[in-house]
Amino acid sequence: MNLYVYIMITLISFAIAVALWKRKKKKEETDMPVGIEVYNQESKTIFSTDMMFCRILGTFEVDGTNSSITDANIANRDIFVVIAECKKPENECSSLPVFTFTGNTISWVYTSTDYNIANIAFKGKYYYGVMGAKL
């Protein structure tokens, strides 16, 4: 073969090698992990966007009567309920609702107690949500 063919084969091989190298480098640049992490002085992660958190999904009000709410977002999840606002006079004892979680329903009932508490039902607003939510 003549010298011209060898030079052409070498140049084509070099061009293919450069193209493959650029393609690999571009892929490596786009495969970079995404997120934020915060560390303490001992280099332990104290916050990461991969951590699980609680997510508040909504509110509801209780008025002293047994009732329930339904939300499709809570089905088969770990649910929580917390007091957001209390509507009762200062220094007044009241019976709190007892919550149960079934499927996509949060129910509450007011139960009597053996304590010497006035027969006044707690009225107020609650937040509800799910645990184990990702950011």
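As a basis for the values below, the full set of heavy atoms in this structure was taken, side chains included, without hydrogen atoms, waters or symmetry mates. Count residues from 1 along the sequence.
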First locate atom [atom1] of [X], then atom [atom2] of [Y], and finally report the distance between them rounded to the nearest 0.5 Å.
| X | Y | atom1 | atom2 | answer |
| --- | --- | --- | --- | --- |
| Asn73 | Asn104 | CG | CG | 9.5 Å |
| Ile83 | Tyr127 | CD1 | OH | 12.5 Å |
| Tyr128 | Cys54 | OH | SG | 15.0 Å |
| Ile74 | Phe80 | CD1 | CZ | 11.0 Å |

(message) Please determine whether residues Tyr39 and Ile46 belong to a single hydrophobic cluster, defined as Ile, Leu, Val, Met, Phe, Trp and Tyr linked transitively by side-chain heavy-atom distances below 4.5 Å.
(response) no

(request) Could you state whether Ile56 and Met131 fall into the same hydrophobic cluster, counting links through intermediate Ile, Leu, Val, Met, Phe, Trp or Tyr residues with side-chain heavy atoms under 4.5 angstrom apart? (result) yes

(message) Does Ile36 have more than 12 heavy atoms from other residues, nucleotides or ligands lying within 6.0 Å of its CD1?
(response) no

(request) Name the orientation class of the two ring planes belonging to Phe99 and Tyr126 (parallel below 30°, tilted from 30 to 60°, perpendicular beyond 60°). (result) perpendicular

(request) Identify the two heavy atoms, one from Phe60 and one from Val81, that lie closest to each other, and give their separation to 0.1 Å. (result) CZ-CG1, 4.0 Å

(message) So if I apply the side-chain contact (heavy atoms from CB on, under 4.5 Å) rule between Ile106 and each of Ile79, Thr100, Thr70, which one comes out positive?
(response) Ile79

(request) Any pair with a residue in residues 57-76 that passes salt bridge (Lys or Arg N to Asp or Glu O under 4.0 Å), sequence neighbours left out, goes on the list, sorted by first then second residue, please. (result) Glu61-Lys87

